[in-house]
Amino acid sequence: MSKQAIMAGLDGERTWRLADYVARGGYEALRKVLTRPMSPDEVIAEVKLSGLRGRGGAGFPTGIKWGFMPRNYSGDKYVVCNSDEGEPGTFKDRDILRWNPHALIEGMIIAGYAMGARAGYNYIHGEIWEVYKRCEEAIDEARAAGFLGDNILGSGFGFQLYNSHGYGAYICGEETALLESLEGKKGQPRFKPPFPASYGLYGKPTTINNTETFASVPYIIREGGQNFLEIGRPNNGGCKLFSVSGHVERPGNFEVPLGTSFAALLEMAGGMRGGRKLKAVIPGGSSAPVVPGDIMMQTDMDYDSIAKVGSMLGSGAVIVMDDSVCMVRALERLSYFYHEESCGQCTPCREGTGWMYRVIHRIEHGLGRPEDLDLLLNVADNIAGRTICALGDAAALPVKSFITHFRAEFEHHIEHKRCLVGGPGHTHQAKAA
């Protein structure tokens, strides 16, 4: 079995089917947990040892998160998978669900056992209906084979799993907005505390992890947490799926050990398209701060290394931009997205995202003013850290990083009413924002 725990070996014609998954060692970890048996504490200890960190963006240690669930609570508890993959540039989780759904199912069952939960929900992004149908088929297969339901493998442990199809709102990727949506309400983030581990789905203790996180668990239990840890680096255990898009020859998903250099990842993606020069990289999805290309070429792809260069590993969406990109225009598009996707609950985000977009829009269209750049930084500072959820930060951080690293390009737009990289013929038509 390859050390690439999630997607490796998926070279058959029907990799999503139960028979194919079992042939690759699928559900051996569940058998190990339930028939050995392993105690819930032993399972959590193995996950802690693995160094597995949340693969959805925050990078919080998974084993520690599982330990937050109350041990002696006698009522219902839930495990929820966040498959609401809406971050621009991210497309890895849908491939797990499309090609390897049983890895997720097995991981969620093991998580339920470890935390004393008897039911789980997989919240799937609303724009990938065919993936939802495939996950439904996989659940039916697992249930028919005795891996889901009551008295799994004769162990006395029962677990039910349900897919829930979302409606495409980016905000539902925030864990408490996701819970609100699961309950049939408008997807808006909750105030925290209380945190989901004490007050989650239907007011019950709940743990929420990302698709890739749960799908990593079977390998950890089957092969051992130490084995998984040694694939990556200390504090950065295991492999990670990176969605590489933009100006590369072969965009796609690449599963590599954490700590792999960005230069090596870029080479796997075929290098820069057309042989152009690398200008900038957003290493963790559109909400992560942009990093100049020369800095990224000296950086490794793990949580700590990316943090040292002022950005975030985030969801693992690597957006590559060559020297033909207008950074003002790129930021305008990103800012429009966050303005449109703000749920409107918090005033700084509701008003501030629109304000930032309109200012960037007028800079891009030849109506910028010298004071606009400091205004943008001021507005971003008054959004970040002042909202219920992290969408405000997600909107503010790109603005701050784009201006910090490429300020001269913004100033050129303002002074010359034209793009620095577009050549003499690339001028902007002045129009109101």
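Note that the structure is a prediction, hence the values are computed from the model and not measured. Numbers here simply count residues along the sequence, with the first being 1.
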Checklist entry - Between C389 and T176, is a side-chain contact (heavy atoms from CB on, under 4.5 Å) present by the stated rule, with each step listed? => result CA-CA 9 Å; C389 81; T176 59; over 6 Å; no
Atom pair [atom1]/[atom2] of [X] and [Y] - distance to nearest 0.5 Å:
{"X": "L377", "Y": "D372", "atom1": "CG", "atom2": "CG", "answer": "11.0 Å"}
{"X": "D84", "Y": "N122", "atom1": "CG", "atom2": "CG", "answer": "10.5 Å"}
{"X": "L52", "Y": "I220", "atom1": "CG", "atom2": "CD1", "answer": "4.5 Å"}
{"X": "E136", "Y": "N163", "atom1": "CD", "atom2": "CG", "answer": "4.5 Å"}
{"X": "L161", "Y": "I109", "atom1": "CG", "atom2": "CD1", "answer": "7.0 Å"}
{"X": "E180", "Y": "K185", "atom1": "CD", "atom2": "NZ", "answer": "4.0 Å"}

Minimum heavy-atom separation for [X] and [Y], please, with both atom names.
{"X": "T62", "Y": "G54", "value": "OG1-N, 3.7 Å"}
{"X": "T15", "Y": "W99", "value": "OG1-O, 3.0 Å"}
{"X": "T90", "Y": "S315", "value": "OG1-OG, 2.9 Å"}
{"X": "I282", "Y": "A288", "value": "CG2-O, 3.4 Å"}
{"X": "V47", "Y": "G63", "value": "CG1-N, 3.6 Å"}
{"X": "E255", "Y": "L241", "value": "CB-CD2, 3.6 Å"}

Taking the side chain as every heavy atom from C-beta outward, state whether [X] and [Y] have any atom pair closer than 4.5 Å.
{"X": "I383", "Y": "M356", "result": "yes"}
{"X": "R134", "Y": "R98", "result": "yes"}
{"X": "D300", "Y": "S261", "result": "yes"}
{"X": "E174", "Y": "I388", "result": "no"}
{"X": "M301", "Y": "K240", "result": "no"}
{"X": "V318", "Y": "L266", "result": "no"}
{"X": "M327", "Y": "H405", "result": "no"}
{"X": "K192", "Y": "E175", "result": "yes"}

Quick one about [Y] and [X] (side-chain donor to acceptor, distance below 3.5 Å, no hydrogens or angles considered), yes or no?
{"X": "E106", "Y": "Y21", "value": "yes"}
{"X": "N253", "Y": "S243", "value": "yes"}
{"X": "S342", "Y": "T353", "value": "no"}

Short side-chain to backbone donor-acceptor contact, [X] and [Y], under 3.5 Å:
{"X": "T260", "Y": "P257", "result": "yes"}
{"X": "T213", "Y": "R55", "result": "yes"}
{"X": "E87", "Y": "S286", "result": "yes"}
{"X": "R273", "Y": "H247", "result": "no"}
{"X": "R190", "Y": "G200", "result": "yes"}
{"X": "K32", "Y": "I221", "result": "yes"}
{"X": "N236", "Y": "Y303", "result": "yes"}
{"X": "N378", "Y": "D374", "result": "no"}
{"X": "E249", "Y": "G274", "result": "yes"}
{"X": "T206", "Y": "L201", "result": "yes"}

Next on the checklist: Does V244 form a side-chain contact (heavy atoms from CB on, under 4.5 Å) with L265? I'd like the steps, not just the answer.
Outcome noted: CA-CA 9 Å; V244 183; L265 182 63; 4.1 Å; yes
Taking [atom1] in [X] as the centre, count heavy atoms belonging to other residues, nucleotides or ligands within less than 6.0 Å. Is the count above 12?
{"X": "F60", "atom1": "CZ", "result": "yes"}
{"X": "E267", "atom1": "CD", "result": "no"}
{"X": "W355", "atom1": "CH2", "result": "no"}

Checklist entry - Charged N to carboxylate O below 4.0 Å: is that the case for K277 and D294? => result no
Checklist entry - Salt-bridged, R17 to E137, with N to O below 4.0 Å? => result yes
Item to check | Working for side-chain contact (heavy atoms from CB on, under 4.5 Å), residues Q345 and I171 | outcome: CA-CA 11 Å; Q345 186 175 194; I171 194 63; over 6 Å; no
Next on the checklist: Over 60° means perpendicular and under 30° means parallel, so tell me whether Y336 and H339 are parallel, tilted or perpendicular.
Outcome noted: perpendicular
Checklist entry - Any idea how Y170 and Y338 line up, ring-wise: parallel (<30°), tilted (30 to 60°), or perpendicular (>60°)? => result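 Answer is perpendicular, since the angle exceeds 60°.
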Extract all donor-acceptor atom pairs below 3.5 Å that involve side chains of residues 305-314 and protein atoms in other chains or at least two apart in sequence.
unit_1: S305; atom_1: OG; unit_2: D302; atom_2: OD1; d: 3.1
unit_1: S305; atom_1: OG; unit_2: D302; atom_2: OD2; d: 2.9
unit_1: S311; atom_1: OG; unit_2: P289; atom_2: O; d: 2.6

Checklist entry - By ring-ring contact (aromatic ring centres under 6.0 Å, His included), which residues pair with Y123, not counting sequence neighbours? => result none
Item to check | Criterion side-chain contact (heavy atoms from CB on, under 4.5 Å) on L331 and F406, from CA distance to verdict | outcome: CA-CA 11 Å; L331 182 60; F406 300 97; over 6 Å; no
